Amino acid sequence: MENRAKTKRSTTEEENDMNILVIQGSPYGGSFSHTNAQAYAQAARRKGHTVEMIDLSQEDFDPVLRYGYVKHMEDESAPKRYQNMVARADHLVFVFPIWWAGEPAILKGWLDRVLTPQFAYRYESSLKSEGLLRGKTAQIISSSHGPAFVSKMYGSTVTRWKYSILKFCGIKFTGASILGCIDSKIDTPERRDAFTRRICETVPSAK
């Protein structure tokens, strides 16, 4: 009886675990974003979730959408692999620095080549679209040289990601954690460490 109870509990826990996909969007492997992505992934695994990571500082990936959506590029193997990872995920975590009020070019290219028509969304008419990634959630972890509140103001980086990217694809936005004033006088290793600990606390509980 005891063994059966243990097996049943273990099975239930496995069913409640989430598949989490962490997308590290800085092109620099020694970045603060890279540190945060790794820390978040470790925290999620400790909670029992299944975690996959796409580290764009390490991937052999061409981010340039050379023909728009007129025709496919010669090599679509990487985008297809990323799409399979997105399809498996319950929760997506985008980790990136904010440069010029947006994400780095390599992450923008990832969005262009991965969240494509008929995979992430489709147009039902010229005025109506449908998000195809419903049932998934996503959060943003970021840093900026400017104050964090600027990136969260209506019309700024977070608004664009929440509505024009995630909601457009049917993904529910669960929040943004941003550390502002990077490389300023108030930016210390202790401050960064505290932020990294805070973002690890945002790992969702099992479903």
Side-chain angles (χ1 to χ4, degrees), residues 17-61 63 78 82 85-86 89-111 114 136-162 164-166 171-206:
D17 292 345
M18 298 180 74
N19 291 320
I20 295 179
L21 176 60
V22 179
I23 300 99
Q24 194 293 113
S26 171
Y28 174 43
S31 67
F32 185 47
S33 291
H34 192 274
T35 297
N36 287 328
Q38 294 286 352
Y40 184 100
Q42 291 170 7
R45 291 188 181 103
R46 286 195 297 271
K47 277 197 171 185
H49 299 305
T50 299
V51 181
E52 291 188 289
M53 179 179 289
I54 298 170
D55 184 354
L56 292 178
S57 71
Q58 304 297 318
E59 292 284 319
D60 182 15
F61 168 64
Y82 300 146
M85 296 171 79
V86 170
D90 300 304
H91 184 65
L92 294 89
V93 186
F94 292 91
V95 190
F96 59 92
I98 295 173
W99 296 345
W100 289 103
E103 63 283 340
I106 194 165
L107 179 54
K108 175 58 169 64
W110 188 92
L111 297 173
V114 177
K136 301 181 187 299
T137 57
Q139 69 182 103
I140 293 170
I141 297 170
S142 194
S143 58
S144 66
H145 284 91
F149 77 86
V150 173
S151 298
K152 294 183 176 181
M153 292 172 60
Y154 185 79
S156 295
T157 309
V158 173
T159 302
R160 172 174 156 265
W161 270 81
K162 180 178 180 179
S164 299
I165 299 173
L166 299 174
I171 302 171
K172 181 180 178 182
F173 175 71
T174 62
S177 303
I178 302 176
L179 185 66
C181 301
I182 289 290
D183 295 329
S184 69
K185 291 181 180 179
I186 66 170
D187 189 30
T188 63
E190 293 77 16
R191 179 173 178 264
R192 294 195 183 198
D193 289 345
F195 178 80
T196 300
R197 289 193 297 272
R198 288 199 302 274
I199 61 118
C200 289
E201 294 171 358
T202 68
V203 174
S205 300

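Bear in mind that the values here come from a model prediction, so they are computed numbers and not experimental data.
Looking at every heavy atom in both residues, Val51 comes nearest to Ala44 through CG2-CB, 3.6 Å. For Gly102 against Thr157, the heavy-atom pair with the smallest separation is N-OG1, 4.1 Å. Shortest non-hydrogen contact noted between Ile186 and Cys181 is CD1-CB, 3.9 Å. In terms of heavy atoms, Ala39 sits closest to Thr196 at CB-CG2, 3.5 Å. Minimum interatomic distance between Ala37 and Val22 (heavy atoms only, all atoms of both residues): CB-CG1, 3.9 Å. Scanning both residues, Met53 and Ala41, for their nearest heavy atoms gives CE-CB, 3.7 Å.
A distance of 11.0 Å separates CG of Asp193 from CZ of Arg198, quoted to the nearest 0.5 Å. The CZ atom of Phe173 lies 13.0 Å from the CG atom of Leu92; values are rounded to the nearest 0.5 Å. With rounding to the nearest 0.5 angstrom, the NZ atom of Lys152 is 6.5 Å from the OG atom of Ser177. The CG atom of Leu56 lies 10.0 Å from the CD atom of Gln58; values are rounded to the nearest 0.5 Å. Separation of atoms NZ (Lys162) and CD1 (Ile171) is listed at 14.0 Å; rounding is to 0.5 Å. Rounded to the nearest 0.5 Å, atoms CD (Glu103) and CD1 (Ile23) are 12.5 Å apart.
Residue pairs meeting the salt bridge (Lys or Arg N to Asp or Glu O under 4.0 Å) criterion with at least one partner in residues 34-54, sequence neighbours excluded, are Glu52-Arg88. Listed by first and then second residue, the salt bridge (Lys or Arg N to Asp or Glu O under 4.0 Å) pairs that reach into residues 172-187 are Asp183-Arg192, Asp187-Arg191, Asp187-Arg192, sequence neighbours excluded. Sorted by first and then second residue, the salt bridge (Lys or Arg N to Asp or Glu O under 4.0 Å) pairs with a member in residues 19-38 form an empty list; sequence neighbours excluded.
Applying the side-chain contact (heavy atoms from CB on, under 4.5 Å) criterion to Ala105, with sequence neighbours excluded, gives no partner residue. With sequence neighbours left out, Trp110 forms a side-chain hydrogen bond (donor to acceptor under 3.5 Å, both in side chains) with no residue at all. A search for side-chain hydrogen bond (donor to acceptor under 3.5 Å, both in side chains) contacts involving Ser57 returns Asp55, not counting sequence neighbours. With sequence neighbours excluded, no residue forms a side-chain hydrogen bond (donor to acceptor under 3.5 Å, both in side chains) with Thr35. With sequence neighbours left out, the side-chain contact (heavy atoms from CB on, under 4.5 Å) criterion links Asn19 to Thr50, Asp90. In this structure, the side-chain contact (heavy atoms from CB on, under 4.5 Å) partners of Ser164, at least two apart in sequence or on a different chain, are Arg160. Every residue two or more places apart in sequence or in another chain that forms a side-chain contact (heavy atoms from CB on, under 4.5 Å) with Ser31 is listed here: Gln24, Ser26, Tyr28, Ser33, His34.
Ile199 is not listed as a side-chain neighbour of Val95, based on a closest heavy-atom distance of 4.5 Å or more.
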Identify each donor-acceptor pair in which a side-chain atom of residues 137-144 lies under 3.5 Å from a protein atom, sequence neighbours left out, and give them as a table.
| from | atom 1 | to | atom 2 | distance (Å) |
| --- | --- | --- | --- | --- |
| Thr137 | OG1 | His91 | ND1 | 2.6 |
| Gln139 | OE1 | Tyr40 | OH | 2.7 |
| Gln139 | OE1 | His91 | NE2 | 2.9 |
| Gln139 | NE2 | Thr202 | OG1 | 3.0 |
| Ser142 | OG | Phe96 | O | 2.5 |
| Ser144 | OG | Gly146 | O | 2.8 |

(message) Trp161 vs Leu111, test: side-chain contact (heavy atoms from CB on, under 4.5 Å). Steps then yes/no.
(response) CA-CA 11 Å; Trp161 270 81; Leu111 297 173; 3.9 Å; yes
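Between Tyr82 and Phe61, the ring-plane angle classifies as perpendicular under the 30° and 60° cut-offs.
Between the side chain of Lys136 and the main chain of Ala89, a donor-acceptor pair closer than 3.5 Å is present.
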